[in-house]
Structures are given as structure tokens and as C-alpha cells.
Amino acid sequence: MRAVIRTRHYSYSTEKTYLHWAKRFILFHGKRHPAEMGAPEVEAFLSALATERNVSASTQNQAMHAILFLYRDVLRVDLPWLDGITRARTAKRLPSVLTQQEIAALLAHVSGTNGLIIKLLYGTGMRIKECLRLRIKDVDLARRLITIREGKGNKDRVTMLPASLVEDLIQHIDERLRWHNLDLSTGHADVELPDAIARKYPRAASEWAWQYVFAAPSYSTDPRSGSVRRHHWNERNIQRAVKAAAQAARIHKLVHPHTLRHSFATHLLETGSDIRTVQELLGHSDVSTTMIYTHVLNRGACGATSPLDRITA
């Protein structure tokens, strides 16, 4: 299963997730081989997740996709019942959004590399993984543009680079270049590349342009290739920094890195930006996805005056 996933060039996080659910499915049925099982076993496992483990609909769907991948792509079993399995409906929730005052209070409690990344998340609308995977070549300081490569849905897009962060980013990149020169001297300057690039240009892995903007401060072993090199900045560092900053700012809302992206979109719409522009900046395929942010604006139903206020005015 791992070999098939890597042949399809799926991300390492997807690989870990799919293998996790495949193992749980097999263990749930007493280590029986999947080829010996069928629809009843799959339905029993998915039902147990919902009734006994009380998992969310999105988690149940994630498990189902992993099992379907196991049968269709790994075992190559053509089973008509796969299409008949009912998918759990994911609840539609309004995104958690901070006010501009809350954002300012949160940003006042961040610093260093974590602080620069958090400010970029709010200032550009990037997803956390998109920000952490930025390469040097993707940052255009002169034009104040950031090119996001292989975003969600394997799509590229362009977003703005806030002018207020240019100077901080220049200083960070200068320090990053010093690290890169050190890595060249120790033989650890290569970085993970898309497979096609790595094959066509074997030396590209050590070139400055391909280095991560936000690299880890220490070396680690690549779980796939076994190479010892710098990975990008750890996602958990940002999650912890955002949580700590929200607590320090006394923000009593559910706040995580993706909240900054929600706030970015909402604040752009509040200040009159066209929804199509916001759609492009966020990388949404359908404008209906972007429309959810109109529900958290002080307009429409939420912007109407309550009849109680008219009576008591």
C-alpha cells in the first residue's frame, strides 16, 4: 500500500493517514486479510467508528476513503458494493473569525520566526502548510507577491505579500542564506523536491532557489528517502504559538492557525473587496466556497436591525 501511494505521489501525511486506517480496519476484524472481507466488514467498521468511537463525519469519511483506496488501488478488487456505501454527511459549520481588534491583540503576543509565519498567515490568507512549504524562488520581494505552489487540489496561485512584512522577511531570508552556506559546507544542503524536478535536475536540491524559506533549525531524517537534511518549520510550533498568543490576548474564541485565513477573507470582504478577488486569493475552485464568509459579515441577515431595537429606540 505504501508503494502504491508513493507511486501516485501522494503527500507523506496522506500516506500516514491511509496506512493508519488500513491497519485499524484489519485489526478490527481480527487481522483477517482484506481480500477475504467485503461490504459487511467495511460497513461494520465504519459504523463502529461512529457509534462506539463517536468520531466526526469527516473522520469517518477519511477512514472510508483509505479503505476504498486499499481495495481499488492496492488490491485492485472490483467490488460493486464500494459505490453503494453511504458516506457520512459532514456538518456545515460557520468559520471562527476574529475581529481586527482581536487580530491586533493576538499579533502583539507573537515574535521570532513563529511570529513572522503567523503574520503571513493572516496577511496572505495562506494555509499553514502552504506557508511552511514556501521556497525562496516563490517570494518576490520587489513586486510584493508570493506564489503558492501545489496548493490544495494541486493548484498554483498568487497572493499578496504585505508591505509591512517585507523588511522582516528580508532579514529572515538573509539569516536563512547563512544557514544554507553552512549546510553546503557540511554536505546537508539538499532539500526535498517534486519528483519530476529531482529526476531532471539532480543538482537542484542543493540550489538556493529551492530551499525552504522557513527551514527547521536542525537536521532530521527524511522518512521516505532516508536523507539527513533540513525539513521545513514544524507545523506544531505554529499551532502552539497561536494558542499561546490567543490566551495571552484573552481571546475567548476557538483560535487555531486556520482561523487567521478565515479572518483574512472576512476582513477583505468587510473592506469592500470583490468576492471573486477573495476567491482567487484563497484558491477556491468554486465561489460558493468563498460565499460562506458572507455569513459572518455584519451584513445581510446579521446586519438587519432587530425589531426589538426599533421599538426601544
Side-chain angles (χ1 to χ4, degrees), residues 54-56 58-59 90-134 146 152 159-169 171-172 175 213-214 216-217 232-273 275 278 281-284 289-306 308-309 312-313:
N54 198 31
V55 302
S56 66
S58 60
T59 300
T90 304
K92 293 183 178 180
R93 307 293 184 191
L94 290 178
S96 176
V97 174
L98 302 181
T99 65
Q100 293 188 27
Q101 292 75 20
E102 288 171 331
I103 288 288
L106 184 144
L107 296 182
H109 291 88
V110 299
S111 60
T113 301
N114 285 336
L116 179 56
I117 293 171
I118 290 170
K119 290 175 182 178
L120 274 173
L121 293 179
Y122 172 66
T124 64
M126 287 188 287
R127 301 175 179 90
I128 184 170
K129 288 186 177 179
E130 293 172 344
C131 184
L132 297 181
R133 292 172 181 170
L134 283 177
I146 292 178
K152 191 173 183 179
T159 188
M160 77 279 281
L161 170 59
S164 58
L165 294 181
V166 170
E167 190 61 37
D168 290 341
L169 200 52
Q171 294 179 11
H172 174 83
E175 178 65 13
V213 174
F214 300 106
H232 58 63
W233 196 258
N234 195 320
E235 184 176 340
R236 291 183 182 178
N237 292 339
I238 308 304
Q239 294 168 343
R240 292 167 182 161
V242 168
K243 183 177 181 179
Q247 291 175 342
R250 297 183 180 181
I251 299 173
H252 305 297
K253 293 179 180 178
L254 182 62
V255 183
H256 45 76
H258 210 68
T259 304
L260 302 173
R261 175 175 163 89
H262 294 323
S263 302
F264 165 83
T266 304
H267 295 166
L268 281 180
L269 292 173
E270 284 178 341
T271 53
S273 295
I275 195 167
V278 177
L281 291 171
L282 294 177
H284 290 160
T289 307
T290 318
M291 287 291 290
I292 192 172
Y293 297 109
T294 63
H295 295 289
V296 293
L297 295 174
N298 291 322
R299 305 178 193 170
C302 295
T305 302
S306 168
L308 177 62
D309 292 336
T312 56

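This chain uses plain numbering: 1 for the first residue, then up along the sequence. Predicted model, so just to flag it, every value in this text is computed and none were measured.
In this structure a side-chain-to-backbone donor-acceptor pair under 3.5 Å is missing from S273 to L269. K253 places a side-chain N or O within 3.5 Å of a backbone atom of V97 that can act as its donor or acceptor partner. Without hydrogens or angle criteria, R250 side chain to A105 main chain gives no donor-acceptor distance under 3.5 Å. A donor-acceptor pair under 3.5 Å is absent between the side-chain atoms of R261 and the main chain of M126, judged by distance alone. Looking only at distances, no side-chain donor or acceptor of E175 sits under 3.5 Å from a matching main-chain atom of H172. Proximity of a side-chain donor or acceptor of T294 to a complementary backbone N or O of M291 within less than 3.5 Å is detected.
Counted by atom type alone, T59 and S56 present one or more donor-acceptor pairs between their side chains at under 3.5 Å.
Under the 4.5 Å side-chain criterion, counting only non-hydrogen atoms from C-beta, L268 is not in contact with Y293. Taking the side chain as every heavy atom from C-beta outward, P162 and L165 approach each other to under 4.5 Å. A 4.5 Å side-chain heavy-atom check between H232 and K129 finds every atom pair outside the cut-off. Residues V278 and F264 are not in side-chain contact: their nearest non-hydrogen atoms beyond the backbone lie 4.5 Å or more apart. Proximity of F214 to N114: side-chain heavy atoms (C-beta onward) are nowhere separated by under 4.5 Å. With contacts defined as side-chain heavy-atom distances shorter than 4.5 Å, the pair W233/C131 does not qualify.
Rounded to the nearest 0.5 angstrom, R236 CZ and I238 CD1 are separated by 13.5 Å. In this structure, OG1 on T99 lies 9.0 Å from CD on E270, to the nearest 0.5 angstrom. One distance of note links CG of L161 with CG of L120; it measures 6.5 Å at 0.5 Å rounding. Between H284 atom NE2 and I275 atom CD1 the span is 10.0 Å, to the nearest 0.5 Å. Atom CG of L132 sits about 8.5 Å away from atom CG of N234, to the nearest 0.5 Å. We find the CG-OG1 distance between L282 and T159 to be 8.0 Å, quoted to the nearest 0.5 Å.
Pairing each heavy atom of K119 with each of L107, the nearest pair is CG-CD2, 3.9 Å. Between S263 and L98 the shortest heavy-atom distance is OG-N, 3.1 Å. The two residues V242 and V255 have their closest heavy-atom pair at CG1-CG1, 3.7 Å. The two residues T124 and M160 come nearest to each other via the heavy atoms CG2-O, 3.2 Å. Of all heavy-atom pairs between Y122 and L260, the closest is CD1-O, 3.7 Å. In this structure, T259 and L254 approach most closely via the heavy-atom pair OG1-O, 3.7 Å.
Ring planes of H256 and H258: parallel class, angle under 30° (limits at 30 and 60°).
Using a cutoff of 4.0 Å between basic side-chain nitrogens and carboxylate oxygens, K152 and E130 are not scored as salt-bridged.
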